[in-house]
Amino acid sequence: MRYSRSFIYTLKEEQKEATIVSHNLLLRGGFMVKLASGIYNYLPLGLKVIKKVSQIVREEMDRAGAIEILMAAIQPAELWKESGRWHEYGKELLRIKDRGGRDFVFGPTHEEVVTDIVRKFIKGYKQLPVNLYQIQTKFRDELRPRFGLMRGREFIMKDAYSFDKDEQGMDLSYQKMRDAYNNIFRRCGLNFRSVEADTGSIGGKDSEEFMVLSKTGEDEIVVCDRCDYASNVERATSITEDEPGEEMELKKVATPGKETISDVCEFLGADPKFSAKALVYRNDEGNYFCFFVEGDDELNLIKAMRATGSIEIEMVSDEELENLGLEKGYIGPVNFPNRDVKVLCDYRITKRNNLVVGANEHGFHLVGAKYGRDFECELADLRMVKEGEICPKCKKGRLKKMRGIEVGHIFKLGQKYSKAMNAVFLDENGRAVPFYMGCYGIGIGRTAQAAIEQNHDEFGIIWPISIAPFEIEIVSLDTRSEEIRNYCDSLYELFEKEGLDVLYDDRDERAGVKLNDMDLIGIPIRVIVGKKSFEEGKVELSLRRDRNKEKIDKNSVLDRVKELRDKLYRELEEVRR
RNA sequence: CGGGGCGUAGCGCAGUUUGGUAGCGCACCAGUUUCGGGUACUGGGGGUCGGCGGUUCGAGUCCGCCCGCCCCGACCA
């Protein structure tokens, strides 16, 4: 591609819209431009990156035996009603009507559609297993779109769906996808970890997320410093060192005006660990719940939702609290005053012999409360794990918290959708069995942006060669010298002929402009042709990732460039970490 | 959804307090200059001041409604 005939427009100034580096660089580098909140146009550079990532994904999916299709973006509501998600999915689902008033959705995911396809064609177990995938534009009406492609509303996603005749088959399909995903992200040059994850609204049992490690990630993950345990905090567990404490008599004490854990504990001289904090929530069905966790623990909302079978959950207002007959700041599990509010305690609560709890009476708390003796309720794991706690897997290592960008997610769905949608096949015994499904997603744009978040410097992007918009850039620093121009032109044509992916900056611009654009766009291998070296018969070769320049005979550029290119690709094949 | 902020040229912003016919930098066009890290100078084009309505002789500026965008929060009762 000749720069002068391309559609690449870089921006000098920081973009107000962007709050993280990768987003800023995508905009400034002319990779994309915003059309509306969370909706972007991909410009030629951005498109090339998208294509490169997609190609890697395709190769690995194909290699794993998956088959590419392309499903409809717009889907009839009937399918979503059949699966039950028409009501479950919430406001992120963009619902639209056609001229006849019929309901449709712009697909945020394709379980329903693919299940419908498969049930139409797969009738017997001999046709299984099958894994169908597509790379497609999806839409989720995000609560708060941000960070460019990281959390957009419209986004390009690879999604795959496996269908098996039994659970073992499903496990195998899942395993294959996990291997494929590891290959994909390694080939994209990313530093990532796979972690145990919550299944969210997709449903199902096991699931793993592929996280690109980055401080700007939206997800928090915990990893063990001794073994390979890694989990999203949403479902992470830990072993905590417990001290039961001394058993004491239950006593009511006046705590006027002390309504927060820290105030109460300070006032009573108690350790917050020996207190129970109450959190009252209402779920999507209008049911009320009161969760008790230890005073210095945090409630893990995802765990709370799972424990209550809720899809959405919201903290109740002070006003609602009052209507429920609950005293703000003095809520306690002993003689809990409202039967319509379901009470759940975190397991840790049961391990303390004496707790400070609210007395359900304004201005009073109870001390010495003990689970089983003074109160009982449903128990659940409700707490957020903390850094430094003991690994639940090896039982030795300590847990460390990190942040990650979720670029891939694989699930074992089981028969959730096939049952709901009556998608069945006949097994060896002629019995109708719902398919055992798995689903596997990769955010294509997000993967590209995560790569920038991990690979950049103060001047711009440093693309891994496998997903760079071009592999090589030739910069002609002196466009008025006919000799140099002819040389560059023929070098460019040679590269093209050799099948190298090359950008040739032939613009009549100042050297500084071109060199800055070169750094910003971040193409990994650069060939710089300037007057000084050229007169000595040399051109300059450098890699974007380091500042070293090598002067090389102008007639042996091709060989050296190919060498560098092969080296960069080889590095991505080697196992990381 | 709650709170805060912003909307003036393609981008980044000033002007709004005190109403008087719109400006700066970058980008763009023409010319001169410069030529290995965003060159300097001269001249130029480009605006329904987010939209609608109101107040006023006169509104970017004051008032009302609406729209769009951004940030923070939505775990401690």
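Here is how names work: the chains are called A, B, and so on, in the same order as the sequence lines, proteins then strands, and each is numbered from 1.
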Measure the distance from CG on A/Leu43 to P on B/C11 and round it to the nearest whole Å.
14 Å

Who pairs with B/U55 - Watson-Crick or G-U, where each distance is under 3.5 Å
none

Can you give me every donor-acceptor pair (side chain of residues 263-276 of chain A, partner residue at least two apart or in another chain, under 3.5 Å) with its distance?
{"from": "A/Asp263", "atom 1": "OD2", "to": "A/Thr260", "atom 2": "OG1", "distance (Å)": "3.4"}
{"from": "A/Asp271", "atom 1": "OD1", "to": "A/Lys273", "atom 2": "N", "distance (Å)": "3.0"}
{"from": "A/Ser275", "atom 1": "OG", "to": "A/Pro272", "atom 2": "O", "distance (Å)": "2.7"}

Can you find a side chain N or O atom of A/Lys12 that sits less than 4.0 Å from OP1 or OP2 on B/C11?
no

Can you give one letter per nucleotide of nucleotides 68-77 of chain B, going 5' to 3': B for a protein heavy atom under 4.0 Å from the base, S for sugar-phosphate only, - for none?
-SSSB-BBBB

Residue matched to B/G2 through Watson-Crick or wobble contacts both under 3.5 angstrom
B/C72

Could you tell me how far apart A/Gln15 (CD) and B/C26 (C1') are, to the nearest whole angstrom?
11 Å

Using both distances under 3.5 Å as the test, list the Watson-Crick or G-U wobble partner of B/G46, or none.
none

Mind checking whether A/Phe292 and A/Phe336 have parallel, tilted or perpendicular rings, split at 30° and 60°?
perpendicular

Between B/U18 and B/G12, how far apart are the P atoms? Round to whole Å, please.
30 Å

How many Å lie between NZ on A/Lys514 and C1' on B/U39, as a whole number?
15 Å

Are A/Phe534 and A/Tyr487 close enough that their ring centres sit under 6.0 Å apart?
yes

Taking only the C1' atom of each, what is the distance from B/C66 to B/G7 in whole angstrom?
14 Å

Only pairs with both distances under 3.5 Å count, Watson-Crick or wobble alike; so what is the partner of B/U21 in this structure?
none

Step by step, work out the salt bridge (Lys or Arg N to Asp or Glu O under 4.0 Å) result for A/Asp457 and A/Arg544.
CA-CA 10 Å; A/Asp457 63 15; A/Arg544 173 63 180 88; 2.8 Å; yes

So among A/Glu453, A/Arg28, A/Arg146, A/Glu17, which one has a side-chain hydrogen bond (donor to acceptor under 3.5 Å, both in side chains) with A/His23?
A/Glu17

Tell me yes or no: between the side chains of A/Glu389 and A/Thr240, is some donor less than 3.5 Å from an acceptor?
no

With B for base contact, S for sugar-phosphate-only contact and - for none (protein heavy atoms under 4.0 Å), nucleotides 31-36 of chain B reads ---BBB

Nearest-angstrom distance, C1' atom, B/C28 to B/C72
38 Å

Separation of the P atoms in B/U8 and B/A14, to the nearest angstrom:
11 Å

When you look at A/Asp219 and A/Arg446, which way does the salt bridge (Lys or Arg N to Asp or Glu O under 4.0 Å) test go after all the steps?
CA-CA 13 Å; A/Asp219 287 281; A/Arg446 198 186 269 190; 5.5 Å; no

Within 6.0 Å of NZ in A/Lys251, more than 12 heavy atoms from elsewhere
no

Pairing partner of B/U61 (Watson-Crick or G-U wobble, both distances under 3.5 Å):
none

Euclidean distance for C1', B/A77 against B/C69 (whole angstrom)
35 Å

With C1' as the reference atom in both, quote the distance from B/C70 to B/C24 in angstrom, rounded to an integer.
24 Å

Do A/Lys342 and A/Tyr288 form a cation-pi contact, if we require the NZ or CZ to be under 6.0 Å from the six-membered ring centre and within 45 degrees of the ring's axis?
no

Separation between the C1' atoms of B/C13 and B/C49, rounded to whole Å
14 Å

Mutual orientation of the aromatic rings belonging to A/Tyr89 and A/Trp80 [parallel < 30°, tilted 30-60°, perpendicular > 60°]
perpendicular

Can you tell me how far P in B/U21 sits from the matching atom in B/A59, rounded to whole Å?
12 Å

Pairing partner of B/A14, by Watson-Crick or G-U wobble and under 3.5 Å for both distances, is none

For B/G38, give the paired nucleotide (Watson-Crick: N1-N3 plus N6-O4 or O6-N4; G-U: N1-O2 and O6-N3; both under 3.5 Å), or none.
none

Calculate the interatomic distance between A/Leu27 atom CG and B/G10 atom P; express it in whole Å.
17 Å

Any strand is fair game: report the nucleotide pairing with B/U33 by Watson-Crick or G-U wobble, both distances under 3.5 Å, or none.
none

Flag for A/His409-A/Ser207: side-chain donor and acceptor within less than 3.5 Å:
yes

